[in-house]
Structures are given as structure tokens and as C-alpha cells.
Amino acid sequence: CSGIRTWRFLHQWRYPKARSRYRVKPLRRCVMKIGEVAAASGCHLETIRYYERIGLLPHPTRTRSGYRAYTTQDVDRIRFITRGRDLGFSLDEIRSLLRLTEDPELSCEQVDALARHHLAEIQARQKELRRMARELERTIAGCAGGRRAACAILGVLQQPAPKRPTRKRIENVHRTP
């Protein structure tokens with residue numbers, strides 16, 4: 001933990017205040033406030049509160065003054081969630097991955113299946129984006145740069161979208177019973 005906390009501890013030891021007989025159990029691990037956790041994890045503090053509300057992050061203990069008291073394990077969990085979001089996993093998928101990390105007896109097959117399913121979704125999105133880019137390039141190439149009334153780009157946007165083949169729905173592998 002930080003040096004300022006050590007100084008405060010020593011200062012309180014040398015100059016004790018009148019204390020209530022009701023005490024909060026001291027935490028044995030390094031305790032951080034939400035701002036410190038946000039800085040350490042690279043995640044905005046409102047997002048951390050949101051993760052608490054939806055259950056991705058357990059509600060932390062509170063200090064005597066009412067502040068949330070986070071531990072280094074909480075920081076690691078937030079980094080895991082943030083990295084999962086960076087890789088495009090949904091919050092439900094991250095919740096499933098967190099459940100899998102908590103049970104060391106489970107096999108890696110479920111994680112592998114979830115990652116493969118997510119990769120297939122990403123590749124499908126890439127294919128759709130390439131199709132959209134080709135269509136836009138074709139539309140831009142057809143533009144003569146004349147008056148707005150004869151603009152090919154606006155004309156294409158006003159037409160109905162071409163029919164695309166429907167994709168087969170993939171079973172949702174990240175849901176656990």
C-alpha cells in the first residue's frame with residue numbers, strides 16, 4: 001500500500017484519538033478507494049459502480065466513513081472485465097467467463113467454445129463490414145460530382161436495401177444452466 005497510509009497509521013498510533021468502543025474489523029489486504037481502483041484498473045469509476053449494480057463485481061465492504069473498500073483482487077477482476085470488453089465480449093459472456101474462472105475444477109472446453117463462438121461472430125461482422133465498404137465504394141465511384149439533385153450517393157441511399165441471405169442462428173453457448 002502507499003506510504004501515506006503507513007504514515008497515517010504511525011501518526012494515529014502515536015497520537016490516539018478518543019475512539020468508540022464499536023470497531024470495524026480491519027482488512028488485512030491493501031484497501032483502496034474507488035478513485036484509486038479506477039486509476040489502477042483503467043476503468044472509469046461510474047463504470048465500476050455499474051459493474052457492482054449488475055453483479056459483475058461483488059459489493060465491496062465499507063470503511064467506517066462509508067467509503068467503498070476495494071482490494072487488489074477487485075482490481076484484477078475489473079481488469080479482466082475491461083479486457084473482455086476490449087475483446088468485444090458481451091457482459092453476459094464476461095459473466096460466464098468469470099464463473100468459469102471461479103471454479104478450478106471445470107475444464108477449459110467451455111471457455112474454448114465461448115471464444116470460438118465469439119470469433120465466429122467477429123468474422124461474420126467483418127464480412128458484413130467488407131460488404132458495406134464495397135457497396136459504399138461502388139456508390140462513391142458512381143458519383144459524378146454534379147448537382148445535388150443528380151447525386152448518385154443520395155439516390156442509392158433513397159432506394160430500398162437489397163435482400164441479404166438470412167444467417168443461421170448459432171446456439172448461445174455462453175449461457176450456463
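Worth knowing before you read on, the calculation uses all heavy atoms, side chains too, and leaves out hydrogens, waters and symmetry mates.
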Under 4.5 Å between side-chain heavy atoms, hopping through other hydrophobics if needed: is there a path connecting [X] to [Y]?
| X | Y | answer |
| --- | --- | --- |
| Leu87 | Leu114 | yes |
| Tyr67 | Met32 | no |
| Phe80 | Tyr50 | yes |

Roughly how far, to the nearest 0.5 Å, is [atom2] of [Y] from [atom1] of [X]?
| X | Y | atom1 | atom2 | value |
| --- | --- | --- | --- | --- |
| Thr71 | Asp74 | OG1 | CG | 3.5 Å |
| Ile48 | Ile78 | CD1 | CD1 | 4.0 Å |
| His117 | Ile122 | NE2 | CD1 | 10.5 Å |
| Ile54 | Leu91 | CD1 | CG | 4.5 Å |
| Thr61 | Arg68 | OG1 | CZ | 11.5 Å |

Is any side-chain heavy atom of [Y] closer than 4.5 Å to one of [X]?
| X | Y | value |
| --- | --- | --- |
| Val75 | Tyr70 | no |
| Asp86 | Arg83 | yes |
| Asp76 | Arg79 | yes |
| Glu128 | Arg125 | no |

Check your understanding: Distance-only, no hydrogens or angles: does the His118 side chain make a donor-acceptor pair with backbone N or O of Glu93 under 3.5 Å?
Key -> no
Exercise for review: Return yes if some donor-acceptor pair links the side-chain N/O of Glu36 with the main-chain N/O of Lys33 below 3.5 Å, else return no.
Suggested key: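 Side chain of Glu36 to backbone of Lys33, a donor-acceptor pair under 3.5 Å: yes, one is there.
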For [X] and [Y], work out which heavy atoms get closest and say how close.
| X | Y | value |
| --- | --- | --- |
| Thr101 | Leu98 | OG1-O, 2.7 Å |
| Leu56 | Arg77 | O-NE, 2.7 Å |
| Ala69 | Pro60 | O-CB, 3.5 Å |
| Tyr51 | Cys43 | CE1-SG, 4.0 Å |

Check your understanding: So with a 6.0 Å cut-off around CD of Gln126, is the heavy-atom count from everything else above 12?
Key ->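 Counting other residues, nucleotides and ligands, CD of Gln126 exceeds 12 neighbours.
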Review point. Are Glu52 and Arg49 ion-paired here, with the side-chain N under 4.0 Å from a carboxylate O?
Key: no
**Study point:** Pair Glu135 + Arg138, salt bridge at N-O below 4.0 Å
**Key:**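 Yes, Glu135 and Arg138 are salt-bridged.
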Exercise for review: Decide side-chain contact (heavy atoms from CB on, under 4.5 Å) for Lys127 and Gln123; before the verdict, give the C-alpha distance in whole Å, the side-chain angles of both, and the deciding distance to 0.1 Å.
Suggested key: CA-CA 6 Å; Lys127 185 178 178 182; Gln123 289 170 339; over 6 Å; no
